[in-house]
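Each remark here refers to the structure printed beneath this line.
Side-chain atoms are counted along with the backbone in the values below, which use heavy atoms only and exclude waters and symmetry mates.
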Amino acid sequence: MRAQPKASHFIGGVYVEDDAGAAFHSHYPATGEVIAKLHSATPAIVERAMAAAADAQADWAARLPVERGRILQCAAQIMRDRNQDLSELETLDTGKPLQETLVADAASGADALQYFAGFAPTVTGQTIALGRDMAYTLREPLGVCAGIGAWNYPIQIAAWKAAPALAFGNALVFKPSEVTPLSALALAEILHEAGLPAGLFNVVQGASDVGAALVGDSRVAKVSLTGSVPTGRKVYAQAAEGIRAVTMELGGKSPLIVFEDADLDNAVGAAMLGNFYSSGQICTNGTRVFVARSVLRPFLEKLAARTGRIVMGDPLDEATQMGPLVSAAQAERVMGYIARGIAEGARLVCGGKSAGGWFVEPTVFADVTDEMTIAREEIFGPVMSVLVFDDEDEVIARANATEYGLAAGVFTRDLTRAHRVVGRLQAGTCWINAYNLTPVEMPFGGVKASGVGRENGHAALEHYTRVKSVYLGMGDVDAPY
C-alpha cells in the first residue's frame with residue numbers, strides 16, 4: 001500500500017497503533033485502490049491523546065510567544081520544502097488533481113502557520129485608567145482544543161486549526177475525516193520535527209464516535225469543526241452540554257450574482273472556479289449562479305464552451321484539471337442530484353454523466369428555479385445551477401432565501417452597486433469580481449446554518465483565547481461596614 005503511514009495515530013510526539021480499533025481503508029479515488037489501512041481510535045487511544053495534550057499545554061502557554069512563533073515558522077518552512085511530497089499524498093488521499101494540491105493545500109497550511117507565528121508576539125492586553133486605581137486585561141489560551149476535519153481539504157483544515165491554537169498557547173487533539181486520514185499525520189510529524197513539544201498536536205483516527213468522544217471530554221475547552229450542517233448541529237448540541245466554546249465552518253448553497261455589466265469572461269471563469277475546482281467539493285462554492293436576463297445567452301455559450309475543454313484524467317498528471325469525487329458514495333450522491341435536476345425540469349447544458357469509476361462530468365443546468373432540489377440542497381459535486389433574474393432587489397431576496405449563509409459573490413463593473421449588494425447579502429464571506437479566494441489574512445466563516453465563529457485573520461484570536469480582567473486597587477478599601 002503506497003501511502004501506508006507508520007501507524008494510525010500520532011500522540012505525545014510518536015506514532016501509536018492499537019489494533020483493537022476497527023480497521024478502515026484509505027482509497028485512491030481515481031482507481032479505488034487501497035493505499036493505506038488504519039485503525040479507529042479506541043477509548044484508550046482517546047484517553048492517551050487527551051492526557052498528553054492536558055499535560056503539555058500549561059508549559060507551552062507559559063513560553064514566550066516569540067518562542068512559539070519560531071517553532072511554527074520552522075514548521076511552515078518544512079512544509080514548503082516538502083510541498084511536492086505533501087501534495088502527492090493529498091492527491092492520493094482525496095483524488096484532487098496535483099495541479100491543485102501543489103498550490104492550494106499544504107501551501108495554504110504553511111501560510112497559516114507562518115501568519116500566526118508572526119501574530120502571536122503581537123497579542124497584548126489593555127490598561128484601563130480608573131483615576132487612583134487601574135485595571136488591565138490579559139489574553140490567555142483556552143487550554144485543550146478539539147479539532148474535527150473534513151475530507152475536502154485535509155491538511156489545510158488541520159493547519160488552519162492548529163496554527164492559531166498553538167500560536168496562542170493551546171494544545172490540540174485533531175481528528176481528520178476517516179475518508180482522508182493521511183496528511184494530518186504528516187503535519188503532526190512536521191510540527192514535532194520543527195520542535196513542537198510532545199503532546200501539543202495529537203492526531204486520532206476514526207468516525208463520528210471518536211469525534212463525539214473528543215467533544216464530550218471534560219478536558220476540552222473548545223471545539224473547532226469543519227463539516228456538514230447535520231454534523232454541525234450534533235456537535236454544537238454536544239458541546240453546549242459542557243458549555244464549550246465552538247467554531248463551526250459548515251455547508252453552503254452560495255449565490256454568485258452576475259449583473260448585466262459584468263465582464264462575462266471573468267464571471268464565467270469565477271463560476272467555473274466556484275463549481276468545478278476540487279470536483280465541486282468546496283463548501284463555499286457558488287452553486288446558485290444568478291445571471292441577468294440580458295446576458296444569459298452569451299454567458300451560457302461561453303460557459304459551455306469552456307466547460308467542454310476541462311481536462312479530466314489521472315490526478316497525478318499535472319495536466320489534469322479535474323479529478324474524481326472522493327468516494328463511490330459521493331459519486332453516487334452527485335449522480336442522484338443530476339437525475340433529480342433532469343426530472344424536475346432543469347435544462348442540461350453540458351455534462352450530466354458519469355465518466356467512469358468515481359468521476360462525474362462537470363455539469364451545468366439552466367432554466368433552474370428556486371424551488372428545484374438542485375437549487376436548494378448542497379450537492380458537493382461538479383454541478384452548477386444557472387438561474388435568471390431581472391432586477392437587483394429581486395436577486396438579493398432570492399439569494400438570501402436559504403438556510404445557508406457561508407459565502408456569496410457579485411460580478412459588476414459598478415462598484416457602488418457591488419458594495420450595496422454585498423451589504424445586503426446574508427453571508428459570512430463575500431467576493432466582488434472574484435471567487436473562492438481565502439487568504440489566511442482574511443477572516444473566514446459563515447452565518448445562519450453555515451456556522452459560527454471565524455477562522456484566520458485577527459478574528460481567530462477571539463476564538464482561541466479568553467480575556468481575563470484584573471482590577472488593581474491603589475488605596476484604602478472604601479467599605480460601608
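For the residue pair Q84/E88, the side-chain donor-acceptor check at 3.5 Å is satisfied. In summary, the side chains of K161 and S224 do present a donor paired with an acceptor at a separation below 3.5 Å, with no hydrogens or angles considered. No hydrogens or angles considered: a donor-acceptor pair under 3.5 Å links the side chains of N436 and T284. A side-chain N or O of S278 and one of Y153 form a donor-acceptor pair less than 3.5 Å apart. E378 and Y404 form no side-chain donor-acceptor contact under 3.5 Å, judged by distance and modelled atom types alone.
Tested against E462 for a salt bridge (charged side-chain N to carboxylate O under 4.0 Å, His left out), the candidates R454, R139, K222 yield a single pass: R139. For the side chain to side chain contact (heavy atoms under 4.5 Å, CB included) test with V179, the passing option among P181, S177, P176 is S177; the others fail. Checking each of V258, L303, V349 against V386 for a side chain to side chain contact (heavy atoms under 4.5 Å, CB included) leaves exactly one that passes, namely L303.
The pair R424-D393 counts as a salt bridge, with a side-chain nitrogen and a carboxylate oxygen less than 4.0 angstrom apart. With respect to K96 and E100, no salt bridge is recorded, no charged nitrogen being found less than 4.0 Å from a carboxylate O. A salt bridge does not link R82 to E189: none of the charged side-chain nitrogens sits closer than 4.0 Å to a carboxylate oxygen.
Looking at heavy atoms from C-beta onward, T465 lies out of side-chain contact with P141 at the 4.5 angstrom threshold. For the pair T402 and R288, the minimum side-chain heavy-atom distance is below 4.5 Å. Considering only heavy atoms from C-beta on, I374 comes within 4.5 Å of F365 through its side chain.
In this structure, the side chain of D217 does not engage the main chain of L214 through any donor-acceptor pair within 3.5 Å.
Residues F119 and F168 place their aromatic rings such that the two centres sit under 6.0 Å apart. Note: F389 and F259 meet the aromatic proximity criterion, with ring centroids under 6.0 Å apart. Taking the six-membered ring for Trp, W60 and F201 have ring centres at least 6.0 Å apart.
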